[in-house]
Amino acid sequence: MNAITRNELAQLDAPLVSFTLNGREVSARASATLIEIADREGVAIPRLCYKEGLDTAGNCRACMVEIEGERVLAPSCCRTPAPGMQVTTDSPRAVKAQQMVLELLQSDLPETAYTRHNEVDQWAARLQVGKPRFAARARFPADASHAAIRVNLDACIQCTRCVRACRDEQMNDVIGLAFRGEQARIVFDMDDPMGASTCVACGECVQACPTGALMPAPLQKGAPALPEPDRQVDSVCPYCGVGCQLTYHIRQDTILYVEGRDGPANHKRLCVKGRYGFDYAHHPQRLTTPLIRRADAPKRGDFTMDPQRVMDVFREASWEEALALAAGRMRHIRDTHGKGDGNSPLAGFGSAKGSNEEAYLFQKLVRTGFGSNNVDHCTRLCHASSVAALLEGIGSGAVSNPVMDVTRADVVLIIGANPTVNHPVAATWIKNAARNGTRLIVLDPRRSELARIAHRFVQFKPDTDVALLNAMMHVIVHEGLADQAFIASRTTGYEELKANVQGYSPEAMAPVCGVDAETIRYVARLYAGAGASMILWGMGISQHVHGTDNARCLIALALMTGQIGRPGTGLHPLRGQNNVQGASDAGLIPMMYPDYQRVDNPAAREKFERLWGMPLDARPGLTVVEVMNAIEAGTVRGMYIMGENPAMSDPDANHARAALAALEHLVVQDIFLTETAYLADVILPASAFPEKSGSFTNTDRLVQMGRQALNPPGQARQDLWIIQQMAQGMGLDWDYGHVSEVFDEMRRAMPSIGGITWERLEREHAVTYPCREEGDPGEAVVFVQDFPRESGRARFVPADIIAADERPDAAYPMVLITGRQLEHWHPGSMTRRATVLDALEPDPVALVHPLDLAQLGGQPGALVTLASRRGEVALYARADESTPRGAVFVPFCYYEAAINRLTNAALDPFGKIPEFKYCAIRMTLGGAAPQQGSYGGGQVLEKLNAN
């Protein structure tokens, strides 16, 4: 069952009333509006300002109905039924009023390409309204200043759908209705051009607009509108872990635009990446034929990549030649250097952007074909420490409650996360909850957009998470706020935790974390004392050498207060990639088989040996960073990398690039020439997200169907086919005819999804796991009765302060924090090739506190050089008051200023995750300007013209 809000629960509690609708007796909840009831009963009422999901406005008056005994007509979008009420929607009086409204609005609409499918004309046609008799009013000029959205105010009917979508749904507060009378119009901020406003380009206003007044910017400059699509395909978003459902609108095998679909996680909402980050699939730099490294192009770690000059380094090959070389040399290395002692000379990195089926087959190939567990993916760089703590403490690495449960919580605590940037649609539900009375607490070294609406924003010093959280637990223990009944019946280890926090009083920790003692006490009391409190966290918690300890403290907070196992409570590490949850579930990690069954557990190993028909390695494999070290040591000689870019995403990227260049054999399967692909011996051109079908699991444990919308370009092939070909080349007898056959095998291997059939996914689009038996609804909230540990009890694990591996000093006096940017994703290979996203954020930037920049003698936009003990990059300074003094925040998506050249490869000892969130740097003015990014946006228009 999907989570529902407290408002929806209240509406369900409203009494049933009976009344008459067009002469027929109907019954409905007293809280329902007449237009909602009419829709349910199949009675069509015109509407323009009304849109399902938006608050009602009642200002267009197109939905007027007649109510017996009332002098005036009533707007059906605002009125609710009363017992015995007699409502008529199609009386002559009501119809005349509806027709007049539509005719007046029609008279102001220009007859242009962007208004050809407007809802005014559609309703006018249904009500047989003729050509308007009235002259048009004065019109406002168009605004083409925004890269994503075209503003045509001559088509605006002032229904305020866009205002409500921006203000009430997304809560961005950019769009308003200003001025009076004939001068009244939609404005952005303080009547700024849209392109100069604070608009984040979520496109919710475009999706809400009924007339074309707000529409996707035409692909061709000066064109009035987009071409007409010839088909639609329902799928899911390929970016973050929220898992928004969407619809591709396609013409001639080209995606024209994207709209949100009513999925459980997004209910039609999208962010800028989901709505506008699609045309990378049509980019001219797509790999379309297999490539083999030229003999005169030796590999070097200190390279400068130019994706425009692929043939300087590679030559084209047939699939037969490329696969024979790719798999043949892997097989040779395995057979020549494999010692049979668990130290395999081969390793593989799979992708969190691929499907569950691809992740499952990839890890199966490494374990059965390579003969080892040396398989990993980007979860090692994101939430590995969170998963380690969750498995240790509660027995499951997945979330306990869906994001939507924030709407049922009394208190929401967000720490080390910036959802408005990293999970924008999830952030909208958090903002909606705060507006409706949920008390939001934001704890972070950086001031995020959510701080603006938070009940409390607590800005603590970087690297002091454990000090702050232990101080909160100290308050809960000493003030008797712990849930002793929950602790006694459902947990172990509380006395050890209680003793550990004795030395962490708020007064002792205040100077350590930079938060006054009374604030720590207030937040602890608020969280512990609420009826339902929920914790969400991001990589600000996990990407530290003490990331596992950070997560242990959050788990302990929930356990000691009994804030888990109920709606509106629980623990939710916001998963980064669109399928990082599913890839981990499918076993794309070195110490776990699918469903988190340990490889060193004899019973689990025996199970998979029976399923896969061969003996398996009993030793946990190497993690992402450990593989790079093993290459340097000469123990890993060959690698197969699918859809990952460690040359950009690994810490100390110079070291990672040198390691990849040192491999005897590197096979890369990707859609673009990435920095990692540049070091390959063989490149296999793969399918982009819209070019394949498969299942994907979002951060809520929701398994969803992604559907193929396009064909791969040229000779590019679908990833499942390539993995199978590699497996066959390694001597495995695989022959999966359809992706559903892989999913069926996964069901046999993974009890958590055993009840989800492929047919059900195709029919329902999304099913939550655990779903163990066919027909089960799935469990949105878990740990209701017990925890999936041997004892059934959760475990408290105390944590103490551990300093960052590298602290600022006189030579490197500042702290570097890395992360994502709203408009770009991870290493940027997709989003920086999307026209709109590249136009919105084209240049590498460092976010610096204005006072730090001024102290350096710089101005916003100045070129600065950041240097650590591992490397340096030059990029442009952006004054940003959300960044604390003494720190610099940099996104890691810019290949021309690859910030991971600076980051520290020191690992959390439990999760083996690098410390991306803290290393010592210095900042100086000037430096060599970053090379101009040569990706550029997609070329959709050229493709359409060619067709």
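Please read these numbers as outputs of a predicted model, since none were measured by experiment. Below, each value reflects all heavy atoms present in this structure, side chains not excepted, and no hydrogens, waters or symmetry copies. Note that the numbering runs from 1 along the sequence shown for the chain.
The side chain to side chain donor-acceptor pair (under 3.5 Å) with Thr428 is formed by just one residue from the set His267, Glu204, Arg269; it is Arg269. Among Arg167, Lys431, Arg452, the single residue meeting the salt bridge (charged side-chain N to carboxylate O under 4.0 Å, His left out) criterion with Asp173 is Arg452.
Looking at Thr519 and Asp516, their side chains do bring a donor and an acceptor atom within 3.5 Å of each other. Side-chain atoms of Gln245 and Asp262 include no donor-acceptor pair closer than 3.5 Å. Between the side chains of Tyr280 and Asp838, no donor-acceptor pair is found at a separation under 3.5 Å.
Considering every non-hydrogen atom in both Val442 and Ala454, the closest pair reads CG2-CB, 3.9 Å. What you find for Tyr276 and Asp279 is that their closest heavy atoms are O-OD1, 4.0 Å. Scanning both residues, Pro216 and Val206, for their nearest heavy atoms gives CD-CG1, 3.5 Å. For the residue pair Ala532 and Pro567, the shortest heavy atom distance occurs at CB-O, 4.1 Å. Gly568 and Asp405 make their closest contact through N-OD2, 2.9 Å (heavy atoms, listed as atom of the first residue, atom of the second, distance). Asn432 and Glu169 get closest at one heavy-atom pair: ND2-O, 3.2 Å.
The closest donor-acceptor contact from the side chain of Lys461 to the backbone of Pro445 lies at 3.5 Å or more, if one exists at all. Formation of a donor-acceptor pair under 3.5 Å by the Trp537 side chain with backbone atoms of Ser542 is not found in this model. The main-chain N or O of Leu574 is found under 3.5 Å from a side-chain atom of His383 such that the two form a donor-acceptor pair. Here the side chain of Thr699 pairs a donor or acceptor atom with the backbone of Arg575 at under 3.5 angstrom. In this structure, the side chain of Arg435 engages the main chain of Asp168 through a donor-acceptor pair within 3.5 Å. The backbone N or O of Ala213 sits less than 3.5 Å from a side-chain atom of Thr211, completing a donor-acceptor pair. Using modelled atom types, one side-chain atom of Asp143 and one backbone atom of Met194 make a donor-acceptor pair closer than 3.5 Å. Panel note: side chain Thr438, backbone Ala409; a donor-acceptor pair is recorded below 3.5 Å. Judged by distance alone, the side chain of Thr247 and the main-chain N or O of Arg261 form no donor-acceptor pair under 3.5 Å.
Note that CD1 of Ile45 and CG of Leu34 are 7.0 Å apart. Values are rounded to the nearest 0.5 Å. From His849, atom NE2 reaches atom CD of Glu881 across 5.5 Å, with rounding to the nearest 0.5 Å. Atom CD of Gln459 and atom CG of Leu443 lie 11.0 Å apart (nearest 0.5 Å). Here the straight-line distance linking atom CG of Leu48 with atom OG1 of Thr160 works out to 11.0 Å at 0.5 Å rounding. Rounded to the nearest 0.5 angstrom, Ile541 CD1 and Ile414 CD1 are separated by 12.0 Å. The SG atom of Cys202 sits 7.0 Å away from the CD1 atom of Ile149 when rounded to the nearest 0.5 Å.
Shown here is Arg139, whose CZ atom has more than 12 heavy atoms of other residues, nucleotides or ligands within 6.0 Å.
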task = Evaluate side chain to side chain contact (heavy atoms under 4.5 Å, CB included) for His455 paired with Leu526, printing each intermediate quantity in order.
result = CA-CA 11 Å; His455 177 70; Leu526 191 65; 3.7 Å; yes

request  = Could you walk me through whether Gln581 and Asn698 pass the side chain to side chain donor-acceptor pair (under 3.5 Å) test, one step at a time?
outcome  = CA-CA 6 Å; Gln581 183 65 59; Asn698 79 342; over 6 Å; no

inquiry  = Does Glu518 form a salt bridge (charged side-chain N to carboxylate O under 4.0 Å, His left out) with Arg525? I'd like the steps, not just the answer.
reply    = CA-CA 10 Å; Glu518 190 51 41; Arg525 292 165 184 159; 3.4 Å; yes

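Between Asp39 and Arg47 there is a salt bridge, with a side-chain nitrogen of the basic residue lying less than 4.0 Å from a carboxylate oxygen of the acidic one.
Within the 4.5 Å cutoff, the side chain of Thr883 has no heavy atoms near those of the Val888 side chain. Residues Phe689 and Ser235 form a side-chain contact, since some pair of their non-hydrogen atoms from C-beta on lies under 4.5 Å apart. Side-chain atoms of Asp154 and Phe140, non-hydrogen and from C-beta on, never get closer than 4.5 Å to each other. Side-chain contact between Leu853 and Pro860 is present, with at least one heavy-atom pair separated by less than 4.5 Å. Side-chain contact check for Leu816 versus Ile899: some heavy-atom pair is nearer than 4.5 Å. By the 4.5 Å heavy-atom criterion applied to side chains, Trp825 and Leu837 are not counted as neighbours. By the 4.5 Å heavy-atom criterion applied to side chains, Thr80 and Ser31 are not counted as neighbours. Ser400 places none of its side-chain heavy atoms less than 4.5 Å from the side chain of His572.
Residues that satisfy the side-chain hydrogen bond (donor to acceptor under 3.5 Å, both in side chains) test with Arg878, not counting sequence neighbours, are Glu841. Partners of Pro229 under the side-chain contact (heavy atoms from CB on, under 4.5 Å) rule, at least two apart in sequence or in another chain, are Gln232, His249, Leu256, Tyr257. Listed by chain and residue number, Asn418, Arg820 satisfy the side-chain contact (heavy atoms from CB on, under 4.5 Å) test with Asn422 (two or more places apart in sequence, or in another chain). For Gln158, the side-chain hydrogen bond (donor to acceptor under 3.5 Å, both in side chains) criterion is met by no residue, not counting sequence neighbours. With sequence neighbours left out, Arg161 forms a side-chain contact (heavy atoms from CB on, under 4.5 Å) with Lys51, Leu54, Glu119, Cys159, Arg164, Ala208, Pro210.
Here the two rings, on Tyr876 and Tyr894, have centers that are 6.0 Å apart or farther.
Applying the salt bridge (charged side-chain N to carboxylate O under 4.0 Å, His left out) test to every pair with at least one member in residues 181-192, sequence neighbours left out, gives these pairs: Arg185-Asp191.
Ring pair Phe916/Phe892 is parallel by interplanar angle, where below 30° counts as parallel and above 60° as perpendicular.
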